[in-house]
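Remember, it's 1-based here, ligands and their atoms both numbered in the order they're listed.
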Amino acid sequence: MTQLPHNGQPYEYQRRLLVEPDWTRFPGWRDVTTAQWESAQWQRVNCVKNLKQLRAVLGDLIDEHFYADLETDQQRLATMSMLLPPQMLNTMVPDKTPDTDTFYADPIRRYMLPVATDRHLDWPSHPHATRDSLHEHDMWVAEGLTHRYPTKVLAELLSTCPQYCGHCTRMDLVGNSTPTVEKLRLTLKPADRYDAHLNYLRAHPGVRDVVVSGGDVANVPWKQLETYLMGLLSVPTVRDIRLATKALAGLPQHWLQADVVEGLNRVAITAERRGVNLAVHTHVNHVNSLTPLVARAARMLLEVGVRDVRNQGVLMRGVNATTTDLLDLCFGLQGEAGILPYYFYMCDMIPNAEHWRVPVWYAQQLQHDMMGYLPGYATPRIVCDVPFVGKRWVHMLTDYDREHGISYWTKNYRTSIEQDDAEALTKQYAYYDPIDTLPESGREWWRKQLVND
Ligand code: SF4
């Protein structure tokens, strides 16, 4: 029987103040000062990019078999290369000196530093998994500009981030190539790419909302980013601008630099004068990522005039896929960091991600179990990004074959590649549950499909 907390409710809220984990518990950072830690430049220079650098930080806290496991993953399975700012690494096993077992079990380690034994050996990938699972590249109307929804575009300004997440949905484009994935490359010079975006927006006044992303906008040199944003603000039909940056949690030091703060203030003042909603969207998956520095950076964004800071997390097994994990994170975001819990996306159907993905019925259950605890406006929606459809709330499916793990969805608009498709709005689109979560009859059915293919 499920044990209930003391108050007799399935979830018991307790305020938890944010704490910056003590980085000197790691042998490699024993002498790092607060001034160094809070410097964006120190953080970037000391990012962990390979096993040797990880060993230098962890010393002999972790057994050799962990490093071997990590190396196997990097060589055979990883779709993203390793890139961890010290700030992120420091949120793994935050309250004690890590050892091999606690490091293996850590939720942030599980998605930022995946190892081979994390993955499912039987079904590492779903047969329908693809590199560009949301077909964003197919919907480019200019290099890096995806027009998927009628009134909105996604602008990918660059293909790098200050940190690389193992489950990155843009693994097709973002980051360095890995032994298993040769990445797509942006070919235009940044200035030409940005001009092409602005030209498209001027020519398409029906597009009113621009998500400025990448990669992560924290890697765009500030002057370039400010020029781009001022360009967007000069297009009178653009009414919403959302900046996407996981660095708010992974490298909050970036958003606290004087030139960035001052520049963002200029952009926010211009947005305010023109009546444009300027917001920042970040990507936090676990409450342990929230530290006082993250909260300071989020509040600084609000102080300089950004209208809202919102979180779009990704739902992942082993990381946050329990009601307690999600509510702890949401209360930390909402109550301690000034960040609105906005969405949790189901992890997309990219290669080698099956161990992270959850089935739709499970996501529906989590959404059900989260209701009623948070303020209504801060209760996040769990969404499934259905290929060729877009975001759907997880209860919006029209049919569901639980045995084979296939859900069916409809949509109410055409993407930029379906203007001539007469059936786009009447047909059903499929989404697939992870095969290891199916009953044996369903798993057997998929095995036969593979043999027959
Ligand atoms: S920060 Fe976002 S774009 Fe960058 S690797 Fe992580 S998920 Fe991908």
Side-chain angles (χ1 to χ4, degrees), residues 40 43-44 47-49 73-74 77-89 91-92 107-114 129-134 136-137 140 144-146 154-178 180-181 183-186 211-220 225 242-255 280-286 289-290 294 297-298 309-316 319-320 329 339 342-353 356-357 383 385 391:
Q43 289 278 335
R44 285 192 190 261
C47 276
V48 168
K49 299 187 273 303
D73 198 73
Q74 293 277 306
L77 295 158
T79 55
M80 299 299 290
S81 59
M82 193 190 303
L83 183 60
L84 274 170
Q87 171 77 23
M88 278 217 92
L89 187 46
T91 59
M92 297 178 194
I108 294 173
R109 196 287 302 158
R110 284 175 191 264
Y111 82 94
M112 292 303 298
L113 207 52
T130 53
R131 287 176 55 136
D132 179 17
S133 69
L134 302 180
E136 289 178 335
H137 181 214
W140 277 4
L145 191 69
T146 300
L154 165 76
E156 293 163 308
L157 297 199
L158 79 177
S159 60
T160 65
C161 307
Q163 63 285 306
Y164 290 136
C165 316
H167 66 284
C168 180
T169 198
R170 299 207 179 104
M171 47 71 69
D172 192 35
L173 173 75
V174 169
N176 307 311
S177 293
T178 70
T180 51
V181 183
K183 306 275 166 144
L184 193 72
R185 289 282 156 231
L186 296 169
V211 176
V212 184
S213 184
D216 187 321
V217 293
N219 267 16
V220 183
L225 182 58
R242 304 184 260 170
L243 302 177
T245 176
K246 185 183 175 85
L248 186 62
L251 187 66
Q253 295 84 350
H254 169 83
W255 291 103
V280 167
H281 283 195
T282 193
H283 167 193
V284 185
N285 296 329
H286 194 277
S289 292
L290 298 174
V294 175
V309 182
R310 308 182 187 117
N311 186 55
Q312 304 190 157
V314 177
L315 190 59
M316 283 178 280
V319 176
N320 59 10
L329 168 56
I339 301 173
Y342 175 39
Y343 280 138
F344 284 104
Y345 283 81
M346 294 179 67
C347 182
D348 290 319
M349 287 195 297
I350 54 160
N352 297 341
W356 285 309
R357 296 201 311 119
V383 292
D385 211 336
K391 282 183 289 298

Partner of Thr91 under side-chain contact (heavy atoms from CB on, under 4.5 Å), picked from Val294, Leu290, Ile108, is Ile108

With a 3.5 Å distance limit and no angle check, can you tell me whether Ser213 reaches the backbone of Ala244 through a side-chain donor-acceptor pair? no

Only one of Lys246, His283, Gln163, His254 passes side chain to side chain donor-acceptor pair (under 3.5 Å) with Asp216, and that residue is Gln163

Checking heavy atoms under 4.0 Å, the part of Cys161 that sits near ligand 1 is side chain

the protein heavy atom lying closest to atom 2 (Fe) of ligand 1 turns out to be His283 ND1, 4.2 Å

Per-atom filter on ligand 1: closer than 4.0 angstrom to a heavy atom of Lys246 are 1 (S)

the protein heavy atom lying closest to atom 6 (Fe) of ligand 1 turns out to be Cys165 SG, 2.4 Å

For Thr178 and Met80, the nearest pair of non-hydrogen atoms, with its separation, is CG2-C, 3.6 Å

A student checking ligand 1 against Gln163 at a 4.0 Å heavy-atom cut-off should list atoms 1 (S), 4 (Fe), 5 (S)

Nearest heavy-atom contact between Asn285 and Gly313 is OD1-CA, 3.4 Å

shortest atom 8 (Fe) of ligand 1-to-protein heavy-atom contact is with Cys168 SG, 2.3 Å

